[in-house]
Amino acid sequence: ALGVELRGMTMDGVPLIAWRGTPEAGAQLPGGRLDIWSGQRSRSSRWPEQSADLQQPRRHWRQEVGAGFAGFALAGGEAATVAITQEQRRSYECIVAYDLRTGSEIWVYADSARFATLRAGVGPRSTPVVDGGLVYALGASGWFRCLAGGDGGRLVWRRRIGARAATWGLWASPVIV
């Protein structure tokens, strides 16, 4: 059966888990050991030669972003037109919307908050969530924010989660139920 095995805890109380299971279990995780790791020790710096089935990707634009570890949430329906992320810009924790066609900034919401440690690095860690035109984002410093994405990133509300951020910063992406 496919399952999770607890392998221990870090000094900060973060559980160390590993996936376990067999191919007969049905759903599988990628990787030879069903643990998401490929075991590949090196990677190619060149894309394989073009073929009928595989075409080399083309860069459409390039955009510098602030520090942080957040991914991008796509908005705009099936034909997504906006990418929203969190980033650290100097002493401001920012939620930023970028145009997917051009890479240009559409709007930015900036809050006077900064998370930085030598061990954990600088900036927000969680990927925002978009639902019904609203953008929900939890910053590493502990601010949970809701913005009106279609209204220039206007702040709808914000709440402080916890008295202070943990050693690694707050990193959980919101879930809409």
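This one's a predicted model, so the numbers in the text were calculated from it and none came from an experiment.
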Side-chain contact test, heavy atoms from C-beta onward, threshold under 4.5 Å: evaluate it for [X] versus [Y] and give yes or no.
X	Y	result
L74	V82	no
L134	V156	yes
E93	R114	no
Y98	S104	no

I'd like to know if [Y] and [X] are part of one continuous hydrophobic network [Ile/Leu/Val/Met/Phe/Trp/Tyr, side-chain heavy atoms within less than 4.5 Å].
X	Y	answer
V65	V96	yes
Y92	W143	no
V129	L170	yes
V175	V130	no
L155	I84	yes

Hey, is the main chain of [Y] close enough, under 3.5 Å, to the side chain of [X] for a donor-acceptor pair?
X	Y	result
W107	G149	yes
S141	A113	no
S126	L138	yes
W61	L100	yes
Q86	T127	no
E87	F69	no

For [X] against [Y], the heavy-atom pair lying closest together:
X	Y	value
P124	A67	CD-O, 3.8 Å
A140	R125	CB-CD, 3.8 Å
A137	I95	CB-CD1, 3.6 Å

Open item on the list: Can you confirm whether more than 12 heavy atoms, excluding those of F72, are under 6.0 Å from its CZ atom?
Closed with: yes
TODO: Give me the ring orientation class for W157 and Y136: parallel if the planes are under 30° apart, tilted from 30 to 60°, perpendicular past 60°.
DONE: tilted
Task: side-chain contact (heavy atoms from CB on, under 4.5 Å) between L147 and R154, intermediate numbers included - done: CA-CA 5 Å; L147 308 178; R154 176 183 55 81; over 6 Å; no
